[in-house]
Asks: 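Just dropping this structure here.
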Amino acid sequence: MVMTSSELRRKYLDFFKKNGHEIIPSASLIPENDSSTLFISSGMQPLVPYLLGEKHPQGNRLANSQKSLRTEDIDEVGDNLHTTFFEMLGNWSLGDYFKKEQLNWIFEFLVKDLEIDPKRLYSTVFRGEEKIGVSKDEESVNILKQVFKKYKIEAKDIDFPEENGMQDGRIFYYSARKCWWSKSGTPEKMPLSEIGGPDSEIFYDLGAELKRHENSEFRDLPCHVNCDCGRFVEIGNSVFIEYKKIENGFKKLKQYNVDFGGGLERLTMVVQGKNNVFETDLFSDLIKKIEELSGKKYEENKNSFRIIVDHIRAATFIIGDVRGITPSNLGQGYIVRRLIRRAIRFGKKIGIGKDGWLKEVAEVVAINYEDVYPEIKDNLDFISAELTKEEEKFILTLEKGLKEFEKLNNVSGTDAFNLYQTYGFPIEITAELAKEKGINVNVEEFRNELEKHQELSRTASAGMFKGGLADNSEATTKLHTAAHLMLAGLRKVLGDEVYQKGSNITAERLRFDFSHKEKMTGEQLKDVENFVNGIIEKDLPVWFEEMPLEKAKEINAMGVFESKYGQNVKVYFIGKGDKNVSREICGGPHVEHTGILGKFKILKEESSSSGIRRIKAILE
Ligand code: SER
C-alpha cells in the first residue's frame, strides 16, 4: 500500500511529537508585521521573534505543517518539482537541541518511518567562509558519517563536487550559495539584523536511469547533488540558525536554533515512487477534474495541466486564508490575479470552454484539504465568488487580446503594455504567447512603460510604491513610528486632505509619499518637525488594539487598506485619551514609547509625481 500525503504529514508530526515537540497550527499565508515577503515562504518566518529569543508559549520544541508560497518560481511551474503553493513540514529547536539530535532524527524519520532507501540519500554541508568568520561545518560531517553508518553506509565527504562531480561521495561541501540559509539568501544579501546560518540539505536520487543529466543543459558539466539537472531532488533542509547580521559581519545569537523544513509535495513524490510532484495524490483529483473539464488527457498536455492545477490551488489558498487577499492590481492581490489569469489562459489552450469552471476546481481543493485546512471549505462561497468574478473579467478581454496579439510579428514594450493595460495580460502571459509563436517581447521596455504609467497615475493609490520596512531592526522600527508621527504632523499643518501614499523605511532614513498639491514652505516643514519632536519629548506611549476593519474606519484610523474581509486589523495608537495624536491601521512593529526616538529631522521635500509630495527624513 502506498503511503498517502495525509499519512505522511501525520507521521511527520507524530514523529516529532514523540520526540518532545508541540504541534503548532500553520500560520496565515499572509505575513504579519513583516514586509520582507508578500507571502509566508517558509515555516520559520512566523517564528523569527522566538528564534531571536522571545519565549514561545508552547515551549522550545515545535513542529508543524506550514502553508507556504514562493512566487519567484511562478515561471518554473510546469517542470517536475516546482509549485507556487506548498506545504512545508517543519520542526524547530528554540535554543534547545542542536545538530546531533536534528540530523539523527531526520534520517530516522526518512528511513524508518517513510521507508526511504538510505542508499538514495545524500547530504550537503557548509564549506565555510573566511570572509564572514564561519568555518567548515565539520561537526555536521562527523555526525552525518555516524548517521549513515547506522544504515550500513560508509559516507565519504567530498569537497568541490561542482567541479569534480560525485566521486563516490555521500556528504558534499558547498559554498554559502547552496549551504547557507536566510530569508534573503546568502550572507551578503542579508539585511542588518536578519538571522540565518549554515545548513545541511538532504537530497534524494531519482536515479541515473531517467537520464535527466544527459538530456539537460548541464550535460557537459559534472553531475552532482546540487546540479540543476533534476536527477537529485532536495527533500529537506536543516538550518542551524545561530547568526545575526551586524554592521561588520555576523554575531552569534544568544541561542542556537534548528530550523528544519521539508516540502510535503516532494516527500510525497519520493514515498509514492514518482519522479514528479504533479503525479502524487496531492494533485490526482485536481488533474482528474481538469481532464473532465477539458476532455483532454494529462499525459498529452502535461505543462498546461500542471500550471492550471498549481495556480488554482495557490489562488484558492490565498483567497481562502483567514487573512484572505482578493485579486487586484496591487502587491499580493496582483499575484492572485496573475495566478488566476495564467490558469485561465492555459485552460483555454486545452479547450476548457465552460463558464465558471475555476470554482469547480476550487471545490476539489476544499475537499482535498478539508481535514487539514478547513478554512478553505469554510470560505468556499467567498473563494468561488472571487474566482468567478475574476474569470468573468478576464474572459471578456482575453479573446480580444489574443486577436490583437495574433497581429503582431514581434512584441515591443508598447505592445506588451497595451496588452497589459487594455486586455489585462500580465507580462508572463504575453511572454509565453510570444515564445509559443517564436517571436520576441521587449520586457525591459514594457517595464519602463509600466513605470512611466505608474508615475503618472500614482495619485489614487500607494500600492505600486515599493513600500514597507526594509527590516525589523531597532533603527528601522524607530523610523516607522516617526513616520506615523510625521503623517499626524502633516495633517495638522497642511490639513485633513493629506493621506499617505506610500512609504519606504530603512535603518538609515524614511521616505514617505503623501497627497499634497504644492511644494511645502520652509515654515510648514519646520512646523511638522516641531510637532514630531514635541511628541517625542512628551514620551507618549505607543500601543495597538485589534478591531474589525469597520471599527477602525469608524474611529478614523488612517491606513492603506488591502482587500481583507471579515478580519480584525491592528490599529496603532500614539498617546492615550485626549493626548492621542495618531491612529493608523498597521501591522507594526513600533517602539513602545516616543521618548526613545531621538531628534526628528526632515532632509528633503520634493515632488514625487502629480499631486504627490515626497519627504526624506531621519532620526538623529
Ligand atoms: N527555512 C529553511 C528553508 O526554507 C528550512 O525550513 O529551507
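Numbering of ligands and ligand atoms starts at 1, following listing order. It should be emphasised that the depicted structure is a prediction, and the values quoted were computed from it without experimental measurement.
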Asks: Side chain or backbone, does Gly261 bring an N or O within less than 3.5 Å of an N or O on ligand 1?
Replies: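 Yes, there is a polar N/O contact under 3.5 Å.
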Asks: Among Lys11, Lys17, Arg10, which residue satisfies the side-chain hydrogen bond (donor to acceptor under 3.5 Å, both in side chains) criterion with Asp14?
Replies: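 It is Arg10; the other options fail the test.
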Asks: Can you tell me if Arg70 contacts ligand 1 (heavy atom of the residue under 4.0 Å from the ligand)?
Replies: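 Right, Arg70 reaches ligand 1.
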Asks: Where on Phe260 is there a heavy atom closer than 4.0 Å to ligand 1, on the side chain, on the backbone, on both, or on neither?
Replies: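 Within the 4.0 Å criterion, Phe260 contacts ligand 1 through backbone atoms alone.
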Asks: Compute the centroid of each ring, for Phe98 and then for Phe240, and state whether the two points are separated by less than 6.0 Å.
Replies: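 Here the rings of Phe240 and Phe98 have centres that are less than 6.0 Å from each other.
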Asks: Please work out whether any backbone atom (N, CA, C, O) or any side-chain heavy atom from C-beta onward of Val239 is under 4.0 Å from ligand 1, and answer side chain, backbone, both or neither.
Replies: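 Side chain only.
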Asks: What is the nearest protein non-hydrogen atom to atom 7 (O) of ligand 1, stated with its residue, atom name and distance?
Replies: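 The closest heavy atom on the protein side is Asn237 ND2, 3.1 Å.
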Asks: Is it true that Arg127 and Glu162 make a salt bridge, defined as a side-chain N closer than 4.0 Å to a carboxylate O?
Replies: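 Answer for the salt bridge query: yes.
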Asks: With distance as the sole criterion, is a donor-acceptor pair present between the side chains of Gln45 and Thr37 under 3.5 Å?
Replies: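 Yes.
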Asks: Using a 4.0 Å cut-off to any heavy atom of Met44, which atoms of ligand 1 qualify?
Replies: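 Listed by number with element: 1 (N).
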Asks: May I ask whether Met88 has any heavy atom positioned less than 4.0 angstrom from an atom of ligand 1?
Replies: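 Within the 4.0 Å threshold, so yes.
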Asks: Identify, by atom number and element, the atoms of ligand 1 in contact range of Asp259, meaning under 4.0 Å from any of its heavy atoms.
Replies: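 Near Asp259, the atoms of ligand 1 are 1 (N), 2 (C), 5 (C), 6 (O).
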Asks: Step through it carefully: locate the ring centre of Tyr97, locate the ring centre of Trp105, and say whether they are under 6.0 Å apart.
Replies: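 Yes: the rings meet the under 6.0 Å criterion.
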Asks: Please lay out, stage by stage, how Arg219 and Glu214 fare under the test salt bridge (Lys or Arg N to Asp or Glu O under 4.0 Å).
Replies: CA-CA 5 Å; Arg219 74 183 76 81; Glu214 288 90 316; over 6 Å; no
